[in-house]
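A quick write-up on the structure given underneath.
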Amino acid sequence: MYKYRMELSFISALVLIVLYGASYSKEKDRTWSSFARMMFFYIIYDLVAFLTSFKIPVVLSSILHFLDVLCVVLAVYEFHLYLTYFLKDKKKENVVDYNIYLEAVGLMTILVHTVFSVLNGKETVNFLYLSEILIILMNVIMILPDLSLILNKRKVLGRKNALIWGTHVLILPLSSTIDLVTGEESRFFLTTIFILMIFVTVNQETELELKSHAIEIERKEMELKEVRRSVMISQIQPHFIYNVLNIICILCRRNPKEAAIVTRTFARYLKMNVESLKKDHPVPFEEELIHAETYLSLEKVRFRDELEISYDIAVKNFCMPALSLQPMVENAVKHGLCMKEDGVGHLSIITKEDKANWYVIVSDDGVGYDTKAPVRSDGRSHIGVENTKMRVEMMCHGKLDIFSIKGSGTNVVITIPKLYDQNCLPEDRVWDKEEI
């Protein structure tokens, strides 16, 4: 019987049980789950060593020794999974998968131990030493991929992590060899120390990741605020306001009744702009459509029959950022249709869906432009497009694409993924409300 085997194995098991509880309470992901499973196997390993410190029947001792080897193999395998997941999930690194290789070596280790256990009925010293040496060699073979991975990714892991994890990988075969030569039992103590160090370093990494995530969220919130400020500036359209007021002034003399209707429509349009600027979450598409229709009704007063408008609304039970449709419609009228020499033209608003996305398409047969040409810095039009594109990406994980042919027209396609649909806020779900 080795000295201090009982004490060391029992203390190691208690320490690992505490660490297991701490890791199990963490937010579950693949990294922490694999780390918890690794500690679970080490706990069984320590408890088995504790039980074998007592005088027990030979048959039970053989079973426990087999369980001992099995736990070591599984613990080494789980550490491999843990290291792989850590690099993939935390560090976003591509890692070669050695799972099949490790499983094969692990099975061979268990098979070698089983064969020697069967042959070693009398437990002769020679057989015991040969069995131990072969198992140590098999453990060395098992750790080679992980050791190589740690060395290759040492810059990504950091010098401290690479040193601690590399030593942990080596500690089992190294301490087993020392114990075999000296007749002492040190592996429980050394293994537990390095698992504790790994826990501390990974916990620090997790906290650093959470802080980085919080900083990233704060940065995006600041960007959104800046975008909203830019949207507010871009929505102050002196030329449009001047044109509408001039039309109202003319209508007051020619058709006072129509002037009153246009005034109310214009007031509603301005109110919608102001209210939309206050919203920092996606709104129902129907709300955006009403805003665009209000704007187009004012342009219709100006251009009369020269401006043709059509709607093909196949679906409307989804959300999009506030003030994302109307600016695209305005761009189509102002920079596409109004630039035509032979009248204004046709504008259409289309919605459709497939299994993955909702689509909003603003199409015009205006002058179009070369999308590959450098963007001219002509003020609010490009600010509006870029702001809308950024808000669609940040608020809905969607995208805005522009397809245009010079002389033929432009299509603006807003894609809203169903997977990330926030369904607005409960009070904004107009499609869930009963029609009045």
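To the nearest 0.5 Å, the span separating CD1 on Ile405 from CG on Asp370 amounts to 10.5 Å. Within the model, atoms SG of Cys71 and CE of Met38 stand 13.0 Å from one another, a figure rounded to the nearest 0.5 Å.
Around OH of Tyr77, the count of heavy atoms belonging to other residues, nucleotides or ligands within 6.0 Å exceeds 12.
A donor-acceptor contact shorter than 3.5 Å is absent between the side chain of Ser348 and the backbone of Tyr311. Within the 3.5 Å criterion, the main-chain N or O of Leu74 finds no donor-acceptor partner in the side chain of Arg37.
A side chain to side chain contact (heavy atoms under 4.5 Å, CB included) with Val360 is found for one member of Met320, Met328, Lys316, Glu288 and no other, namely Met320.
Across every non-hydrogen atom of Pro417 and Gly398, the tightest pair is CD-CA, 3.5 Å.
In this structure Asp354 satisfies the side-chain hydrogen bond (donor to acceptor under 3.5 Å, both in side chains) test together with Tyr359, sequence neighbours excluded. Evaluation of the side-chain hydrogen bond (donor to acceptor under 3.5 Å, both in side chains) rule for Ser34 yields Glu78 as partners, not counting sequence neighbours.
Asn357 and Thr415 form no side-chain donor-acceptor contact under 3.5 Å, judged by distance and modelled atom types alone. Side chain to side chain, His80 and Asp146 meet the donor-acceptor criterion of an N or O pair below 3.5 Å.
Between Glu393 and Lys399 there is no salt bridge, since no side-chain nitrogen of the basic residue lies less than 4.0 Å from a carboxylate oxygen of the acidic one.
Listed by first then second residue, pairs satisfying salt bridge (Lys or Arg N to Asp or Glu O under 4.0 Å) with a partner in residues 192-203 number zero, not counting sequence neighbours.
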